[in-house]
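Take a look at the structure below.
Being a predicted model, the structure only gives us computed values, none of them experimental. For this chain, numbers begin at 1 and follow the sequence in order. Hydrogens, waters and symmetry mates are skipped; everything else that's a heavy atom, side chains included, is used.
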Amino acid sequence: MATAASASPGALGAKTPVARGPSAHRTLTPPPSPAFARPSPRAAPASRRLRASLHLGGAATATSSAANGSGLHVPPTIAPLALPKMAGAMGTHKSVLLFYCEEMRDLARQVVARNDDIELRSISWRTFADGFPNLFISNAHSIRGRHVAFLASFSSPSVIFEQLSIIYALPKLFISSFTLILPFFPTGTSERMEDEGDVATAFTLARILSNIPISRGGPSSLVIFDIHALQERFFFGDSVLPCFESGIPLLKSRLQELPDSHNITIAFPDDGAWKRFYKQLQHFPMVVCNKVREGEQRIVRIKEGDPRGRHVVIVDDLVQSGGTLIECQKVLAAHGAAKVSAYVTHGIFPNNSWEKFQHDNGEGLEHGLSHFWLTDSCPLTVEAVKDRRPFEILSLAGPIASALQI
């Protein structure tokens with residue numbers, strides 16, 4: 001491509017010829033910039049000057065030398081390119097419309113209270129006479145071009161279908177992006193693929209969520225907290241963007257508030273819990289337990305670590321019947337722990353199994369736990385244990401509000 005620099009020898013830095021003689025008036029022309037030198041207007045036709053000016057940033061610069069009256073080239077001022085604003089970047093905020101299922105109403109309100117850029121929207125959850133869902137998304141036209149999220153709770157198979165109907169409908173309403181917040185991924189917590197014919201329902205649910213319709217902004221995002229089996233994160237397909245968060249930062253903040261925060265030891269009830277959480281808790285002393293079978297019984301034993309004189313906090317991702325936690329508490333007490341508490345991200349507690357856990361009332365380990373921390377990922381459990389010691393709820397509202405700004 002021809003450029004202004006190749007139009008004339010003067011563009012290569014040669015001196016401009018001047019008149020010579022005793023009476024001649026000597027004129028010196030400053031050397032042009034070698035990088036963006038322009039020829040004299042007489043050295044190139046107007047069409048070539050225009051092409052050169054376009055090459056340097058726009059037709060408006062073609063008259064820059066004439067405008068300043070000096071014949072000198074003035075480098076054009078090139079405006080910086082405007083970069084698109086991306087949600088989650090420093091100093092930017094994403095306005096989000098948050099829909100929710102009925103079980104998650106309280107948590108949704110707490111999320112909105114944490115961030116002024118999140119607005120609560122509602123859905124009419126009704127049923128027809130035959131029991132099938134009769135659903136309605138209010139003001140559907142008003143959400144076009146907006147970032148939309150849905151806060152779900154798959155607490156039982158009976159509520160999954162109606163929520164999936166909403167989850168599949170929202171991205172098709174010409175929204176800018178869609179995020180599904182599913183704090184507790186429920187399937188696969190008790191599954192064992194040991195015999196031919198066993199069905200991995202966790203894989204089935206992952207495939208269903210992987211086929212959420214794309215929105216105008218691309219694939220949907222999926223936020224899950226402390227998924228039970230680490231391999232389940234690889235069950236999701238390329239049509240969804242899973243984001244795996246953890247409730248452990250909430251526990252760490254709460255432990256810092258305890259009067260004996262300097263005397264905390266973390267205990268894991270089995271190797272699976274250790275693999276899942278040890279990196280997030282590695283600055284604490286640790287005790288690792290394991291479960292062994294003796295006949296028909298499962299016995300918990302200490303594999304490594306020393307709980308003597310320490311406030312030991314048992315950490316796991318979820319609790320169902322609570323049998324393992326109780327056995328772990330007993331073995332820690334037998335080995336000299338001063339106090340025992342527990343944390344799980346997901347308190348499932350089928351058949352009201354939470355009733356097994358009592359508060360120690362400051363009277364010793366044989367009476368129960370000092371604290372039992374849960375998140376509000378399972379809203380039915382939250383309602384059941386609310387204001388009952390030793391249970392204390394650590395809300396996911398803050399982490400969810402932050403995740404919606406990604």
Side-chain angles (χ1 to χ4, degrees), residues 100-101 103-104 106-108 110-111 151-160 163 180-191 201-202 205-206 209 222-233 235-236 242-254 266-270 272-278 280-281 313-326 328 341-357 369 371-386 388 390-400 403:
Y100 56 91
C101 69
E103 287 183 14
M104 286 296 192
D106 290 342
L107 179 54
Q110 293 180 55
V111 172
L151 181 56
S153 174
F154 290 177
S155 58
S156 71
S158 63
V159 300
I160 292 178
Q163 292 181 63
L180 170 62
I181 306 111
L182 182 62
F184 174 48
F185 186 80
T187 62
T189 59
S190 301
E191 293 179 340
T201 59
L205 182 57
L209 298 180
L222 171 62
V223 179
I224 298 174
F225 286 83
D226 291 322
I227 196 165
H228 178 63
L230 298 180
Q231 68 269 20
E232 289 176 359
R233 65 181 58 207
F235 290 175
F236 297 92
C243 177
F244 299 102
E245 299 287 347
S246 178
I248 293 297
L250 297 174
L251 171 65
K252 292 167 69 174
S253 296
R254 183 66 182 92
I266 301 297
F268 301 108
D270 52 38
W274 176 81
K275 291 177 182 177
R276 186 177 294 108
F277 294 127
Y278 82 95
Q280 297 185 70
L281 297 165
V313 180
I314 307 168
V315 174
D316 209 349
D317 64 311
L318 60 85
V319 58
Q320 296 237 28
S321 67
T324 298
L325 284 182
I326 291 174
C328 193
S341 297
Y343 164 86
V344 296
T345 303
H346 311 296
I348 304 170
F349 294 120
N351 302 316
N352 295 327
S353 57
W354 54 266
E355 295 176 346
K356 299 178 181 178
F357 295 92
L369 297 171
H371 304 273
F372 198 148
W373 293 289
L374 316 167
T375 76
D376 42 6
S377 65
C378 300
L380 299 181
T381 296
V382 171
E383 187 64 27
V385 305
K386 184 171 54 179
R388 295 180 64 97
F391 297 102
E392 180 181 338
I393 305 301
L394 306 180
S395 180
L396 293 172
I400 290 173

Do D316 and R276 have side chains that approach each other closer than 4.5 Å (heavy atoms only, starting at C-beta)? yes
Here the gap from Y278 atom OH to I266 atom CD1, rounded to the nearest 0.5 Å, amounts to 15.5 Å
Which pair of non-hydrogen atoms, one from M104 and one from S377, has the smallest distance, and what is that distance? CE-O, 3.6 Å
Taking CG in N351 as the centre, count heavy atoms belonging to other residues, nucleotides or ligands within less than 6.0 Å. Is the count above 12? no
Between D376 (side chain) and P379 (backbone), is there a donor-acceptor pair under 3.5 Å? no
Decide whether S246 and D226 meet the rule of one side-chain donor and one side-chain acceptor closer than 3.5 Å. yes
Can you find a pair of side-chain heavy atoms, one from V344 and one from L374, that are under 4.5 Å apart? yes
Residue among I224, L209, L151 satisfying side-chain contact (heavy atoms from CB on, under 4.5 Å) with L180: L209
Derivation of the side-chain contact (heavy atoms from CB on, under 4.5 Å) call for V313 and S341: CA-CA 5 Å; V313 180; S341 297; 4.3 Å; yes
Rounded to the nearest 0.5 Å, how far apart are CZ of F225 and CG of L318? 15.5 Å
Can the ring centroids of F185 and F236 be said to lie less than 6.0 angstrom from one another? yes
Give a yes or no on this: more than 12 heavy atoms of other residues, nucleotides or ligands lie within 6.0 Å of atom NZ of K356. yes
Show your working on side-chain contact (heavy atoms from CB on, under 4.5 Å) between I393 and K386 and close with a plain yes or no. CA-CA 8 Å; I393 305 301; K386 184 171 54 179; over 6 Å; no
Once you measure the plane-to-plane angle for F184 and H346, does it fall in the parallel (<30°), tilted (30-60°) or perpendicular (>60°) bin? tilted
Are E245 and P399 side-chain neighbours, meaning at least one heavy-atom pair lies under 4.5 Å? no
If I compare all heavy atoms of I400 with all of L107, which pair ends up nearest, and what's the gap? CD1-CD2, 4.0 Å
Hey, could you give me the CG/CD distance between D106 and E383, rounded to the nearest 0.5 Å? 7.5 Å
Separation between OG1 of T345 and CG of L394, rounded to the nearest 0.5 Å: 9.5 Å
Taking S153's backbone N and O only, do any of them form a donor-acceptor pair with Q163's side chain (distance below 3.5 Å, no angle check)? yes
Side-chain contact test, heavy atoms from C-beta onward, threshold under 4.5 Å: evaluate it for Y343 versus T375 and give yes or no. yes
Which heavy atom in K252 sits nearest to a heavy atom in Q280, and how many Å separate them? NZ-O, 3.1 Å
Enter the distance from W373:CH2 to I314:CD1 here, rounded to the nearest 0.5 Å. 11.0 Å
Smallest separation among heavy atoms of G347 and V319, with atom names: CA-CG1, 3.9 Å
Between L325 and F372, does the side-chain contact (heavy atoms from CB on, under 4.5 Å) criterion hold? Intermediate values first, please. CA-CA 11 Å; L325 284 182; F372 198 148; 3.7 Å; yes
Quick one: pull up CG in D317 and NE2 in H228 and give me the separation to the nearest 0.5 Å. 5.5 Å
Heavy atoms, side chains only, cut-off 4.5 Å: are F268 and L281 in contact? yes
Minimum heavy-atom separation for A152 and P183, please, with both atom names. O-CD, 3.4 Å
Might you point out which heavy atoms bring P269 and T324 nearest each other, and give the distance in Å? CB-CG2, 3.9 Å
